[in-house]
Amino acid sequence: MSDTAVPAASGLLDMVGALTEGTVTSRQLTEEALRRIVASQPELNAFRSVRTEAALAEAEAADRRLAAGERLPLLGVPLAVKDDMDVTGESTAFGCAGTFTPKTADSEAVRRLRAAGAVIVGKTQTPELGQWPFTEGGAFGETRNPWNRAYTPGGSSGGSAAAVAAGLVPAALGSDGAGSVRIPAAWTHLVGVKPQRGRISTWPEPESFHGLTVNGVLARTVADAALLLDAASGPHPEDLHRPAPIRAVEAAGRTPRRLRIALSFGTAFTATPKSLDPEVRSAVERLAARLESLGHEVIPEDPRYGPIGLTFVPRATSGVRDWVARVPDPALLDPRTHEAVRTARILGGLALRVSRRAETALQQRVSEIFHRFDVVLTPTTATPPLRIGALAGLGALATDRAMIAACPYAWTWNVLGWPGVNIPAGLTADGLPMGAQLLGPAHSEPLLLGLAAQVEAAEDWAALRPAG
């Protein structure tokens with residue numbers, strides 16, 4: 001690459017600008033991204049598959065289109081997607097062991113990225129069927145946190161988070177079924193957007209994990225996240241959920257009015273022990289003070305979650321059971337996955353139907369807080385990142401208890417289907433990232449993105465990057 005070329009560690013908007021100006025080629029950016037991916041793979045293990053030849057061919061095609069004067073939002077930019085999304089010619093193992101048949105069509109989200117001109121360099125690691133807030137498994141080993149290799153980047157979009165935090169790609173798609181975009185974003189110092197259900201299509205699934213899981217984006221800045229969100233958004237004709245379109249880029253550039261913000265440290269009832277790490281609490285309180293300094297009113301208040309926890313397990317375990325039915329060799333799956341399937345056999349009938357019917361009443365209950373507040377601010381996780389292997393070898397119940405203890409704040413918004421944005425909250429004394437959530441009611445991405453961008457302008461979190 002030339003001295004004037006934009007390095008692969010630059011942001012999405014930087015790359016788009018350089019490509020448009022002709023100071024760098026897509027081939028150069030893609031070669032550099034692939035070089036960094038290959039060099040980092042033995043240590044970070046962010047990618048399940050790398051599309052070297054296909055990505056270079058896509059980059060050369062993008063360069064021809066750029067030279068001809070064509071302009072698209074992401075034309076020529078190298079990006080990555082999580083390995084629960086279909087990419088033509090690649091398998092979708094979703095963290096599982098075994099030999100999977102390559103896909104013959106892109107998922108709708110990937111199709112939209114291609115339509116925006118993106119170059120797909122590879123598919124990122126995820127734990128088995130996206131079940132856990134760590135990215136480790138017998139099928140691929142451990143994905144490590146660029147901020148400290150002894151720690152997990154989180155999960156289940158941990159590979160995407162590690163890839164963006166390490167500067168391998170400027171942004172990536174992930175998915176979020178219980179915090180799986182927001183948790184790794186928090187633990188790698190990124191912006192992570194879980195949009196409204198249906199905002200980014202999950203097709204070929206009409207809905208994913210019985211409505212819990214949505215596709216989302218990870219990036220270093222709000223502006224980059226908004227650009228990727230706009231490019232990936234939009235329904236497939238057979239999607240079950242089709243929210244009205246938004247303009248994320250425009251929203252991210254709009255300073256919000258004075259807002260009433262509820263500062264919440266309370267969690268939904270789960271019948272399991274959990275406590276908030278003092279460093280995380282302090283980091284969120286510091287952000288609350290920052291919001292006050294920006295002119296907003298911040299008042300302690302918790303949403304009325306009610307029995308929301310009772311509706312999560314039937315949907316989550318039934319989603320696991322649906323995916324297990326497609327795995328070529330179920331004998332290779334983690335014992336905890338088999339336990340989830342057994343639970344789904346019990347809860348996948350009447351309990352699942354009742355859980356879905358309860359959603360509207362739960363939305364009405366929780367939305368009461370938005371009669372008095374505009375946004376809810378909470379920790380994204382209760383703890384800083386977990387050490388690699390912290391939950392390895394545990395049984396299903398022990399894993400669930402440890403997982404809820406570390407991550408009790410994110411999953412409720414998946415039941416509701418509403419948007420949430422993780423923003424960086426600073427580093428622990430040991431240099432590990434922490435995050436905070438901005439949560440809103442249905443279709444509130446524009447407000448959340450505008451607020452997040454305002455905080456970013458004051459915090460300048462993108463200037464802080466992991467060493468090495």
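The residues of the chain are indexed from 1 along the displayed sequence.
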message: Testing the basics here: between Leu129 and Phe209, what is the closest heavy-atom pair and its distance to 0.1 Å?
response: O-CZ, 3.7 Å
query: Which atoms form the tightest heavy-atom contact between Ala288 and Leu263, and what is the distance?
result: CB-CD2, 4.1 Å
field: Between Thr92 and Asp86: side-chain donor-acceptor atoms closer than 3.5 Å
entry: yes
query: Are Leu79 and Val119 side-chain neighbours, meaning at least one heavy-atom pair lies under 4.5 Å?
result: no
- prompt: Are side-chain N/O atoms of Gln125 and Thr143 paired as donor and acceptor at under 3.5 Å?
  reply: no
query: Is it true that a side-chain atom of His296 and a backbone atom of Leu259 form a donor plus acceptor pair closer than 3.5 Å?
result: yes
- prompt: Which heavy atom in Ala248 sits nearest to a heavy atom in Leu449, and how many Å separate them?
  reply: CB-CD1, 3.7 Å
- prompt: Counting only N and O atoms by type, is there a donor-acceptor contact under 3.5 Å from the side chain of Trp461 to the main-chain atoms of Gly426?
  reply: no
query: Is the backbone N or O of Phe94 less than 3.5 Å from a side-chain atom of Asp84, with the two atoms forming a donor-acceptor pair by type?
result: no
message: Using modelled atom types and a 3.5 Å cut-off, is there a donor and acceptor pairing between side-chain atoms of Glu279 and backbone atoms of Ala429?
response: yes
- request: Check the pair Thr188 / Asn145 against side-chain contact (heavy atoms from CB on, under 4.5 Å), numbers first and verdict last.
  value: CA-CA 7 Å; Thr188 58; Asn145 195 319; 3.8 Å; yes
- line: In this structure, CZ of Arg48 is separated from OG1 of Thr126 (nearest 0.5 Å) by 9.5 Å
message: Are there over 12 heavy-atom neighbours, none belonging to Arg365, within less than 6.0 Å of that residue's CZ?
response: yes
task: Using modelled atom types only, decide if a donor and an acceptor are shared between the side chain of Ser157 and the backbone of Ser160 within a distance under 3.5 Å.
output: no
- request: Could you pull out the closest heavy-atom pair between Val181 and Gly174, with the gap in Å?
  value: CG2-C, 3.8 Å
Contact check, side chains of Pro379 and Leu276, non-hydrogen atoms, under 4.5 Å: yes
message: Between Glu339 and Arg342, does any side-chain N to carboxylate O distance fall below 4.0 Å?
response: yes
- request: Indicate whether the side chain of Ser175 and that of Lys82 have a donor and an acceptor atom separated by less than 3.5 Å.
  value: yes
query: For the atom pair CZ (Arg220) and OG (Ser10), what is the distance rounded to the nearest 0.5 Å?
result: 8.5 Å
message: Within the 4.5 Å heavy-atom criterion, are Pro303 and Ser264 side-chain neighbours or not?
response: yes
- request: To the nearest 0.5 angstrom, please state how far the OG1 atom of Thr428 sits from the CG atom of Asp277.
  value: 8.5 Å
- prompt: Can you find a heavy atom in the side chain of Arg111 that is under 4.5 Å from one in the side chain of His236?
  reply: no
- prompt: Considering only heavy atoms from C-beta outward, does the side chain of Arg112 approach that of Ile200 to under 4.5 Å?
  reply: no
field: Ion pair check, Lys123 and Glu90, cut-off under 4.0 Å
entry: no
Asp302 side-chain N/O to Gly266 backbone N/O, donor-acceptor pair under 3.5 Å: yes
field: Passing option when Cys96 is tested against Val324, Val327, Asp334 for side chain to side chain contact (heavy atoms under 4.5 Å, CB included)
entry: Val327
task: Determine, stepwise, if the pair Val366 / Trp413 fulfils side-chain contact (heavy atoms from CB on, under 4.5 Å).
output: CA-CA 10 Å; Val366 178; Trp413 246 242; 4.0 Å; yes
- line: So CD1 of Ile308 and OG1 of Thr270: to nearest 0.5 Å the spacing works out to 12.0 Å
field: Ser355 side chain to Arg315 side chain, donor-acceptor N/O pair below 3.5 angstrom
entry: no
task: Determine, stepwise, if the pair Leu113 / Leu228 fulfils side-chain contact (heavy atoms from CB on, under 4.5 Å).
output: CA-CA 8 Å; Leu113 290 190; Leu228 185 56; 3.5 Å; yes
- prompt: Any side-chain heavy atom of Pro204 sitting closer than 4.5 Å to one from Ser107?
  reply: yes
Test: Glu301 and Arg260 ion pair at under 4.0 Å: no
message: Taking the side chain as everything from C-beta on, heavy atoms only, tell me whether Tyr409 gets closer than 4.5 Å to Thr267.
response: yes
- line: Between Pro184 and Gly155 the two heavy atoms that sit nearest each other are CD-O, 3.4 Å
Taking every non-hydrogen atom, the tightest pair across Glu456 and Ala462: OE2-CB, 4.5 Å
Using distance only, find each side-chain donor-acceptor pair of residues 133-141 under 3.5 Å and give its atom names and separation, not counting sequence neighbours.
residue : atom : partner : partner atom : Å
Thr135  : OG1  : Gly154  : O            : 2.7
Thr135  : OG1  : Gly158  : N            : 3.3
Glu136  : OE1  : Gly389  : N            : 3.2
Glu136  : OE2  : Gly389  : N            : 3.3

message: Would the distance check show the side chain of Arg197 and the main-chain N or O of Arg242 forming a donor-acceptor pair, the cut-off being under 3.5 Å?
response: no
query: Between atom CH2 of Trp411 and atom CG of Leu416, what is the distance when rounded to the nearest 0.5 Å?
result: 9.0 Å
query: What is the distance from atom NE2 of His210 to atom CZ of Arg321, rounded to the nearest 0.5 Å?
result: 7.0 Å
message: If only side-chain N and O atoms count, and only distance matters, is there a donor-acceptor pair under 3.5 Å linking Gln437 with Thr378?
response: yes
- request: Examine distances only and state if a side-chain atom of Thr317 and a backbone atom of Val313 form a donor-acceptor pair shorter than 3.5 Å.
  value: yes
- prompt: So Leu451 and Ile261, side-chain contact (heavy atoms from CB on, under 4.5 Å) or not? Walk me through it.
  reply: CA-CA 11 Å; Leu451 182 59; Ile261 299 172; 4.1 Å; yes
query: In terms of side-chain heavy atoms, does Trp132 have a donor or acceptor partner in Thr399 at a distance below 3.5 Å?
result: no
field: Main-chain N/O of His443 paired to Gln196 side chain as donor or acceptor, under 3.5 Å
entry: yes
query: Can you tell if the side chain of Leu432 reaches within under 4.5 Å of the side chain of Asn148, non-hydrogen atoms only?
result: yes
Exam field: side chain Trp418 to backbone Thr412, donor-acceptor pair closer than 3.5 Å: no
field: Asp176: which of Val217, Asn422, Asn414 passes side chain to side chain contact (heavy atoms under 4.5 Å, CB included)
entry: Asn414
